[in-house]
*Asks:* 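Let me give you the structure first, and then I'll get to my questions.
Position 1 is the first residue of the sequence; numbering continues from there. Predicted model, so just to flag it, every value in this text is computed and none were measured.
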Amino acid sequence: MSSINLQSFENKEVAEYTYKDIHLDLKPNQNISDFGLHREANTTDIEESRDQSAIKNSIFNIFNTVPGEKLLNPTFGADLKRYLFEPMTKNVAESIGEVIKFSIERFEPRVTIVKIQVGMNHSANEYNITLILEIPTLNNKKTVMSGRLTSNGYEMI
């Protein structure tokens with residue numbers, strides 16, 4: 001019996017990170033040289049994030065995506081913007097918290113929610129959102145994610 005050795009599947013280098021993601025807004029990476037062909041090794045044209053930053057990027061995308069917007073995954077997204085046109089009440093803030101909890105549990109299995117806090121800022125007509133998350137695969141590292149829900153959507157602070 002003969003065997004086939006596929007060396008391309010072997011892990012030759014251990015990564016320094018667990019998670020890696022790209023930013024969906026496709027803004028250029030800051031490491032790119034203005035001189036065209038000559039740039040630093042291992043740079044990309046698209047900005048990327050790793051580990052905690054990759055998870056924050058993923059949650060940012062969940063919060064700012066409207067279900068039906070992703071053709072191949074029509075249920076993806078939380079559509080938090082829809083709450084901006086409702087009266088600013090405690091019930092609406094609680095609804096936002098419930099949608100955040102459901103969306104993170106459904107679309108971001110890498111984290112465990114420790115606390116969700118949704119506060120109202122009547123003068124600026126926005127909601128302040130604070131998440132405390134644990135990331136079990138990164139040794140239960142806790143991360144705090146703060147942002148606000150404005151007319152532009154969810155923005156990280």
*Asks:* Can you list, pair by pair, the side-chain donor-acceptor contacts under 3.5 Å of residues 87-97, counting residues two or more places apart and other chains?
*Replies:*
unit_1, atom_1, unit_2, atom_2, d
Thr89, OG1, Val92, N, 3.2
Ser95, OG, Asn91, O, 3.1

*Asks:* Can you measure from OG1 (Thr150) to CG (Leu84) and round to the nearest 0.5 angstrom?
*Replies:*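 Atom-to-atom, Thr150:OG1 and Leu84:CG are 7.0 Å apart.
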*Asks:* Report the residues that fulfil side-chain hydrogen bond (donor to acceptor under 3.5 Å, both in side chains) with Thr112, sequence neighbours left out, ordered by chain and then residue number.
*Replies:*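 If we apply the side-chain hydrogen bond (donor to acceptor under 3.5 Å, both in side chains) test to Thr112, skipping adjacent residues, there are no hits.
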*Asks:* Lys142: which residues meet the salt bridge (Lys or Arg N to Asp or Glu O under 4.0 Å) condition with it, sequence neighbours left out?
*Replies:*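 Lys142: no salt bridge (Lys or Arg N to Asp or Glu O under 4.0 Å) contacts found.
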*Asks:* Who are the side-chain hydrogen bond (donor to acceptor under 3.5 Å, both in side chains) partners of Arg106, not counting sequence neighbours?
*Replies:*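 For Arg106 the side-chain hydrogen bond (donor to acceptor under 3.5 Å, both in side chains) partners, ignoring immediate neighbours, are Thr75.
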*Asks:* Roughly how far, to the nearest 0.5 Å, is CD1 of Ile129 from CE of Met156?
*Replies:*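 The CD1 atom of Ile129 is 11.5 Å from CE of Met156, to the nearest 0.5 Å.
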*Asks:* Quick check: closest heavy atoms across Leu149 and Lys81, and the distance to 0.1 Å?
*Replies:*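 In terms of heavy atoms, the two residues are closest at CD1-N, 4.3 Å.
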*Asks:* Taking ring pair (Phe, Tyr, Trp, His ring centres under 6.0 Å) as the cut-off, I'd like each qualifying pair that reaches into residues 127-157, sequence neighbours left out, listed once.
*Replies:*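 Sorted pair list: Phe63-Tyr154.
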*Asks:* Quick one: are Leu131 and Ile104 in side-chain contact, heavy atoms under 4.5 Å?
*Replies:*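 Touching, per the 4.5 Å side-chain cut-off.
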*Asks:* Quick one: hydrophobic cluster around Val144, which other residues, with the 4.5 Å side-chain cut-off, linked directly or via members?
*Replies:*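 Val114, Ile132, all in the cluster of Val144.
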*Asks:* If you link ILVMFWY side chains whenever their heavy atoms are less than 4.5 Å apart, which other residues fall into the same cluster as Phe102? By chain and number, please.
*Replies:*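 Hydrophobic cluster check, Phe102: no partners found.
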*Asks:* Flag the pair Leu133 / Ile59 as yes when at least one side-chain heavy-atom distance between them is below 4.5 Å, and no otherwise.
*Replies:*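 In contact.
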*Asks:* Going by the rule side-chain hydrogen bond (donor to acceptor under 3.5 Å, both in side chains), which residues pair with Asn121 if we only count those two or more places apart in sequence or in a different chain?
*Replies:*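 Listed in chain order: Ser123.
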*Asks:* Quick one: ring pair (Phe, Tyr, Trp, His ring centres under 6.0 Å) pairs with a partner in residues 77-97, sequence neighbours left out?
*Replies:*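 Listed by first then second residue: nothing to list.
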*Asks:* Name all residues meeting the salt bridge (Lys or Arg N to Asp or Glu O under 4.0 Å) criterion together with Glu108; count only those two or more places apart in sequence or in a different chain, and write none if there are none.
*Replies:*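 If we apply the salt bridge (Lys or Arg N to Asp or Glu O under 4.0 Å) test to Glu108, skipping adjacent residues, the hits are Arg110.
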*Asks:* Taking salt bridge (Lys or Arg N to Asp or Glu O under 4.0 Å) as the definition, give me every residue that meets it alongside Glu98, ordered by chain and number, with sequence neighbours left out.
*Replies:*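 Per chain and number, Glu98 pairs via salt bridge (Lys or Arg N to Asp or Glu O under 4.0 Å) with no residue.
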*Asks:* If you take all heavy atoms of Arg82 and Asp79, which pair is closest and at what distance?
*Replies:*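 Shortest heavy-atom separation between Arg82 and Asp79 comes out as CG-O, 3.1 Å.
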*Asks:* Please go through Ile157's hydrophobic cluster and name the other residues, only I, L, V, M, F, W, Y counting, with side-chain heavy atoms under 4.5 Å joining them.
*Replies:*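 Via sub-4.5 Å side-chain contacts, Ile157 links to none.
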*Asks:* Identify the heavy atoms of Gly77 and Pro67 that sit nearest to each other, and give their distance.
*Replies:*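 Looks like O-CG, 3.6 Å.
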*Asks:* If you take all heavy atoms of Met145 and Phe60, which pair is closest and at what distance?
*Replies:*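 Looking at all heavy atoms of both residues, the shortest contact is CE-N, 4.1 Å.
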*Asks:* Do Ile100 and Ile113 come close enough that some side-chain heavy atom pair is under 4.5 Å?
*Replies:*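 Side chain of Ile100 against side chain of Ile113, heavy atoms only: no contact under 4.5 Å found.
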